[in-house]
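What follows is one structure encoded as structure tokens, with my remarks underneath.
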Amino acid sequence: MRSEEIYEANAQQEVLEYLAESGDIDGAALGITRQVLSHGRDSLSAAQETVFERHVAGEFFRMECGLCGDRMPTNEVVYALSEGNRYCSHCQHVTSKPD
């Protein structure tokens, strides 16, 4: 595995751990996320993979900034979610500057 792939895998793991604890997902998506954390994504059935892709990976691994609309790097997602505005680091910085 290349270093970029390892970095992305670690960022995705951090997002999943945050989602499992934060209340940002619930129902089947939460249960499936917990399964991925404990047994890996390969343990999912085809139906579970569809739910995971639609409600977790698709939304949070490829999250778009709530302000500029650009795709956010996965390693910025937990911070954006915890701030409650879903802004990328650039937009976080710009909006936090005094006028």
Side-chain angles (χ1 to χ4, degrees):
M1 208 184 257
R2 297 184 351 221
S3 60
E4 296 89 20
E5 292 168 336
I6 293 169
Y7 187 72
E8 180 65 16
N10 289 338
Q12 289 179 4
Q13 179 77 14
E14 185 179 345
V15 169
L16 294 177
E17 290 169 359
Y18 178 84
L19 291 172
E21 299 297 322
S22 69
D24 285 315
I25 58 172
D26 57 13
L30 176 58
I32 292 168
T33 295
R34 288 181 175 151
Q35 180 177 335
V36 170
L37 284 168
S38 63
H39 300 292
R41 195 165 176 174
D42 291 340
S43 72
L44 300 179
S45 68
Q48 289 172 318
E49 177 62 34
T50 299
V51 170
F52 184 77
E53 182 59 38
R54 182 175 300 136
H55 297 288
V56 180
E59 183 173 348
F60 298 102
F61 295 167
R62 294 179 288 281
M63 193 163 87
E64 293 179 355
C65 175
L67 189 60
C68 71
D70 286 348
R71 182 169 175 240
M72 190 179 307
T74 309
N75 67 325
E76 294 182 12
V77 169
V78 169
Y79 182 74
L81 291 172
S82 67
E83 287 295 304
N85 56 24
R86 295 185 179 213
Y87 291 176
C88 67
S89 61
H90 173 75
C91 290
Q92 291 279 1
H93 178 72
V94 170
T95 59
S96 67
K97 288 176 119 177
D99 291 330

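In what follows, every heavy atom counts, from backbone to side chain, and hydrogens, waters and symmetry copies are set aside. All of these numbers come straight from a predicted model, not from anything done at the bench.
- Looking only at side-chain heavy atoms (C-beta outward), E64 and D70 stay at 4.5 Å or farther from each other.
- When every heavy atom of C88 is checked against every heavy atom of C65, the shortest pair comes out as N-SG, 3.2 Å.
- N85 contributes atom CG, which lies 4.0 Å from atom CD of Q92 (distance to the nearest 0.5 angstrom).
- Closest heavy-atom contact between L37 and A20: CD1-CB, 3.8 Å.
- Between L19 and V56, some side-chain heavy-atom pair lies under the 4.5 Å cut-off.
- Looking at heavy atoms from C-beta onward, F60 lies in side-chain contact with I25 at the 4.5 angstrom threshold.
- E76 places no side-chain N or O within 3.5 Å of a backbone atom of P73 that could act as its donor or acceptor partner.
- The backbone N or O of S43 lies less than 3.5 Å from a partner atom in the side chain of Q35, making a donor-acceptor pair.
- Residues Q48 and V36 have side chains not in contact (no heavy-atom distance under 4.5 Å, counting atoms from C-beta outward).
- When the shell of 6.0 Å around CD of E4 is examined, it contains more than 12 heavy atoms from other residues, nucleotides or ligands.
- Considering CD of E83 and OG of S96, their distance stands at 9.0 Å, rounded to 0.5 Å.
- Considering CG of D42 and CD of E49, their distance stands at 9.0 Å, rounded to 0.5 Å.
- Residues V94 and Y87 have side chains not in contact (no heavy-atom distance under 4.5 Å, counting atoms from C-beta outward).
- Distance OG1/T95 to CG/L67: 7.0 Å, rounded to 0.5 Å.
- Note: M72 CE to L81 CG = 7.5 Å, rounded to the nearest 0.5 Å.
- Checked by atom type and distance alone, the side chain of R71 pairs as donor or acceptor with a backbone atom of F61 at under 3.5 Å.
- Here L16 contributes atom CG and F52 contributes atom CZ; the two are 4.5 Å apart, rounded to the nearest 0.5 Å.
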